Amino acid sequence: MKEQIIQRVEEALAHLRAQGTLPAQPCPPVQLERTRDKSHGDFATNIALLLAKPAGMKPRDVATAIVDALPADAAISKVEIAGPGFINFFQAGAFLTDSLSAALADEHLGVPRAAAPQTVVVDYSSPNLAKEMHVGHLRSTIIGDAVARTLEFLGHTVVRQNHVGDWGTQFGMLLAYLEEQQDQAELSAELSDLENFYRAAKQRFDDSPEFAERARALVVQLQSGDIHCLKLWHDFNQVSLRHCFEVYERLGVSLRPEDVRGESAYNPDLPYVVAELDKAGLLTESEGARCVFLDEFKNKDGEPLPVIVQKADGGYLYATSDLAALRYRAQKLGADRILYFVDQRQALHFQQVFQVARLAGFVTPKTDLAHMGFGTMNGPDGRPFKTRTGGTVKLVDLLTEAEDRALALVQGKNPELDAEELFNIARVVGISAVKYADLSKHRTSDYIFNFDQMLSFEGNTAPYLLYAYTRVASVFRKAGIEPATLDLSAPLALDAEQEVALATLLLQFGETLQQVAEKGVPHLLCAYLYNLAGAFSSFYEHCPILTAQQTEVRDSRLHLAWLTARTLKQGLALLGIATLERM
RNA sequence: GCGCCUGUAGCUCAAUUGGAUAGAGCAACGGCCUUCUAAGCCGUCGGUUGCAGGUUCGAGCCCUGCCAGGCGUACCA
């Protein structure tokens with residue numbers, strides 16, 4: 001619809017240019033927006049305001065000229081000029097009902113697939129395997145997952161990359177400790193809680209010089225490919241990854257083992273990366289380290305800031321492995337676009353790495369590289385989320401608390417449910433509340449984590465959306481109607497304002513997903529679903545479905561309800577959130 | 001020091017990237033259940049968008065200068 005109106009306006013502009021009413025120079029692209037206020041129609045463009053000055057005309061005169069030159073279109077019922085010179089478009093009722101029927105009959109809910117599908121590499125989650133996943137990993141994991149799912153739904157090829165931290169000096173310490181533990185039973189018990197294991201290893205490292213020495217030796221052995229070391233390292237990582245996948249499983253995150261490609265995978269590439277930088281003439285030696293200096297970045301003394309790719313002792317850094325990863329993703333994975341869902345604090349790092357990768361030719365000039373940074377999750381005091389004693393909060397503990405709180409709430413509201421269903425509902429409500437609370441905030445801003453708020457049934461929360469979905473499910477259950485048996489070709493009748501509002505919103509699913517995919521901001525999808533659920537609740541209160549007088553009205557409303565349910569379910573699925581038939 | 005980000009209702013968050021009267025939820029107050037789940041709906045109240053200038057038809061958004069906070073800034077990731 002949007003494209004169609006833009007097309008018509010372009011035609012009018014071309015006509016006016018040919019006529020000499022408007023100057024022949026190219027004009028800015030026509031922007032068409034959904035209006036916030038229904039009295040301004042369904043769509044509005046400000047093009048007349050933009051063209052007034054170059055044309056030497058009053059904005060409203062330009063608008064009038066455009067409207068007069070506008071070709072007829074059955075989808076547009078009315079065009080008005082308003083305010084300083086906005087052109088408002090009202091869509092025809094028939095267009096609305098036709099589009100709805102098309103969406104109803106479409107598995108894909110009327111959402112068009114990308115005309116030019118891309119291969120998009122999405123780098124997300126990427127925990128450090130030396131420790132257990134903590135709350136700091138939540139945002140990357142679920143935001144990245146939601147965007148990956150959305151891109152896939154829109155027809156792109158998504159390659160997930162879980163760039164886990166499985167390499168580095170802290171592994172020497174862990175392996176030394178692993179090696180020391182003779183008692184297998186005790187070992188597996190300790191490994192079941194990686195956080196304790198890490199702490200214990202760190203303790204040994206700090207207390208015993210011999211242990212520290214052994215740890216450092218193991219790092220060297222590991223890097224030189226010692227078999228014994230590699231086995232210890234591999235075993236440790238397997239245990240740690242198992243922890244990660246338990247969390248992914250609970251969270252409903254779509255990452256699979258084959259998506260894991262950790263830092264160590266790029267180890268063999270690192271010397272070549274440095275060699276290629278050298279060949280490209282980008283390398284400078286400074287204070288013993290090999291660096292790339294970029295003019296646009298300065299350090300604290302106003303001197304050029306280096307991107308260090310090889311330390312004075314010969315070791316490599318995370319910039320090096322990120323460069324290797326970029327090269328691999330662009331060249332081996334054939335990425336058109338690479339998205340990094342990594343903490344906002346690494347913004348400078350990514351700017352540098354992207355710049356170096358371009359200069360070195362690791363990626364093509366048109367490879368779209370984007371750091372999708374995000375803010376921090378804070379506690380009630382506005383400071384980074386910590387336990388009462390100041391420690392980091394393990395992700396599993398957070399999820400367990402969410403489920404426990406959800407269980408208490410659901411039990412209170414609906415005590416007659418049997419235990420199995422009760423637990424299932426509590427699980428879905430608890431997990432989705434945590435995920436949704438995060439996803440519904442703008443990616444780049446910090447936010448305050450609050451259990452009571454996210455588990456509330458009021459406002460922009462997961463429980464509210466889940467409840468809206470169960471209301472639709474309940475209608476069909478009550479009526480004994482199997483949605484699959486609905487005659488989707490039956491005509492729709494939209495009379496009540498709540499019906500029109502709901503229908504209009506239902507048709508905006510695709511454009512919402514488009515924006516989520518472009519900007520990597522799932523909160524727009526959340527806002528959309530919240531509006532949709534609200535529009536449905538309003539419709540539900542004001543427009544009786546099953547008890548409607550005429551069968552045409554009843555059928556029409558059932559269709560609206562059915563498309564609402566499917567859209568809610570699909571939208572939540574793209575956020576990685578399951579739905580419930582009852583709660 | 002330099003760079004990046006943030007500052008919106010008492011609280012938690014939005015605002016279609018420069019559009020029309022800055023919107024939701026919570027909290028407060030008031031209505032609506034013999035009728036599809038009231039875990040809901042409808043309404044009232046609440047604002048000098050940190051401050052001061054500027055740009056233009058039009059600024060929460062862009063520019064300049066302040067104020068307050070956060071983060072980053074050479075061998076950790």
Side-chain angles (χ1 to χ4, degrees), chain A residues 31 33-37 39-40 44 46 49-50 52-53 58-59 82-86 88 126 128 165 167-170 263 286-291 296-303 305-313 315-319 321-322 342-349 351 373 375-376 382-383 409-410 412-414 429 437 440-442 444-448 450 452-454 456-461 463-464 466-468 470-479 508 511-512 515 519 523-524 526-527 530-531 534 537-538 540-542 544-548 557 561 582-583:
Chain A
Q31 291 206 4
E33 291 167 352
R34 291 263 177 199
T35 55
R36 296 172 203 262
D37 185 340
S39 68
H40 296 141
N46 61 356
L49 293 160
L50 299 178
K53 187 168 275 183
K58 287 183 193 160
F86 290 104
N88 294 335
S126 309
N128 183 350
W167 203 250
T169 46
Q170 75 264 50
E263 288 174 331
S286 172
E287 295 173 34
R290 309 185 80 184
C291 318
E296 52 268 63
F297 304 106
K298 305 265 198 268
N299 71 3
K300 55 186 88 172
D301 302 318
E303 291 152 10
L305 187 65
V307 180
I308 301 177
V309 293
Q310 191 167 19
K311 297 194 284 185
D313 68 4
Y316 300 100
L317 293 103
Y318 73 133
S321 57
D322 269 334
V342 181
D343 195 304
Q344 191 64 46
R345 283 175 296 198
Q346 294 193 34
L348 177 61
H349 164 72
Q351 278 182 48
T376 37
R383 306 290 308 161
L409 284 171
V410 176
K413 299 280 187 194
N414 215 342
V429 169
S440 61
K441 270 85 177 179
H442 194 105
T444 55
S445 56
D446 299 343
Y447 78 96
I448 293 179
N450 182 324
D452 292 328
Q453 222 161 57
M454 69 181 70
S456 165
F457 291 86
E458 288 157 345
N460 191 6
T461 64
Y464 178 81
L466 294 174
Y467 177 65
T470 64
R471 288 181 113 180
V472 189
S474 165
V475 169
F476 283 95
R477 201 166 44 239
K478 190 85 167 187
Q508 292 174 36
E511 63 199 60
T512 303
Q515 291 197 60
K519 301 171 193 159
H523 84 283
L524 289 182
C526 295
Y530 176 54
N531 285 333
S537 290
S538 210
Y540 182 88
E541 296 284 339
H542 296 97
I545 302 169
L546 301 177
T547 52
R557 288 178 177 170
R582 275 198 308 182
M583 62 188 280

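Values reported hereafter were calculated over all heavy atoms of this structure, with side chains retained and with hydrogens, waters and symmetry mates removed. Values in this document were obtained by computation on a predicted structure and should not be read as measured data. We name chains A, B, ... by the order of the sequence lines, and we start the count at 1 in each one.
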> Mind checking the C1' distance from B:C13 to B:G30? Whole angstroms is fine.
Replying inline: 26 Å
> Considering heavy-atom distances to RNA chain B, does A:Ser39 or A:Arg290 have its closest nucleotide positioned more toward the 5' end?
Replying inline: A:Ser39
>> Going by centres under 5.5 angstrom and planes under 30 degrees, do the aromatic ring of A:Phe86 and the base ring of B:A20 stack?
In response: yes
> Out of B:A14, B:C42, B:U17, which has the shortest distance to the side chain of A:Gln31?
Replying inline: B:U17
> Using atom P of each nucleotide, how far apart are B:C61 and B:U55 to the nearest Å?
Replying inline: 15 Å
> Considering only the C1' atoms, how many Å lie between B:A20 and B:C57, rounded to the nearest integer?
Replying inline: 12 Å
> Reading RNA chain B 5' to 3', what string of ( ), [ ], | and . shows its pairs, if Watson-Crick and G-U wobble pairs count only when both distances fall under 3.5 Å?
Replying inline: (((((((..((((.....[...)))).(((((.......))))).....(((((..]....))))))))))))....
>> Under the rule for ring pair (Phe, Tyr, Trp, His ring centres under 6.0 Å), what residues qualify as partners of A:Tyr464, not counting sequence neighbours?
In response: A:Tyr530
> Which part of the nucleic acid, if any, lies within contact of A:Gln344, taking any heavy atom under 4.0 Å across all strands shown: a base, the sugar-phosphate backbone alone, or nothing?
Replying inline: nothing
> Taking the P atom of each, how far is B:G60 from B:G18, in whole Å?
Replying inline: 13 Å
>> If I pick the C1' atom on B:G19 and the same atom on B:G23, what distance separates them, to the nearest angstrom?
In response: 15 Å
> Under 3.5 Å, is there an N or O donor on one side and an acceptor on the other linking the side chain of A:Ser321 and the base of B:A77?
Replying inline: no
Distances under 3.5 Å between protein N/O atoms and the N/O atoms of nucleotides 23-31 of chain B, please, pair by pair.
unit_1 : atom_1 : unit_2   : atom_2 : d
B:A24  : O2'    : A:Tyr530 : OH     : 3.3

> Among B:U17, B:C57, B:C13, which nucleotide sits nearest the side chain of A:Lys441?
Replying inline: B:C13
> How far does the P atom of B:G10 sit from the matching atom of B:G50, given to the nearest Å?
Replying inline: 13 Å
> Picking from B:G72, B:C57, B:A20, which would you name as closest to the side chain of A:Leu348?
Replying inline: B:G72
>> Given B:U17, B:G40, B:A77, identify the nucleotide with an atom nearest to the side chain of A:Tyr464.
In response: B:G40
> Is any side-chain nitrogen or oxygen of A:Thr461 closer than 4.0 Å to OP1 or OP2 of B:A39?
Replying inline: no
>> I'd like to know if A:Arg582 reaches the base of B:U37 with its side chain such that a donor and an acceptor end up less than 3.5 angstrom apart.
In response: no
> For A:Gly168 and A:Lys413, take the nucleotide of RNA chain B holding the closest heavy atom to each; which residue's nucleotide lies nearer the 5' end?
Replying inline: A:Lys413
>> For the P atoms, the ones on B:C26 and on B:U73, what distance do you get once it is rounded to whole angstrom?
In response: 42 Å
> At under 4.0 Å between heavy atoms, what does A:Pro306 touch on the DNA or RNA strands: base, sugar-phosphate, or nothing?
Replying inline: base
>> Within the supplied structure, the quantity of interest is the number of heavy atoms (other residues, nucleotides, ligands) at a distance under 6.0 Å from A:Arg477 CZ; does it exceed 12?
In response: yes
>> Determine whether the aromatic ring of A:His523 stacks with the base of B:A14, defined as ring centroids separated by less than 5.5 Å and ring planes inclined by less than 30°.
In response: no
> Mind checking the P distance from B:C29 to B:C45? Whole angstroms is fine.
Replying inline: 16 Å
> Closest to the A:Tyr467 side chain: B:G19, B:A38, B:U56?
Replying inline: B:A38
> Which of these nucleotides, B:G19, B:U37, B:G72, is closest to any side-chain atom of A:Arg345?
Replying inline: B:G72
>> With a 3.5 Å cut-off and heavy atoms only, can you find an N or O donor on one side and an acceptor on the other between the side chain of A:Asn531 and the base of B:A14?
In response: no
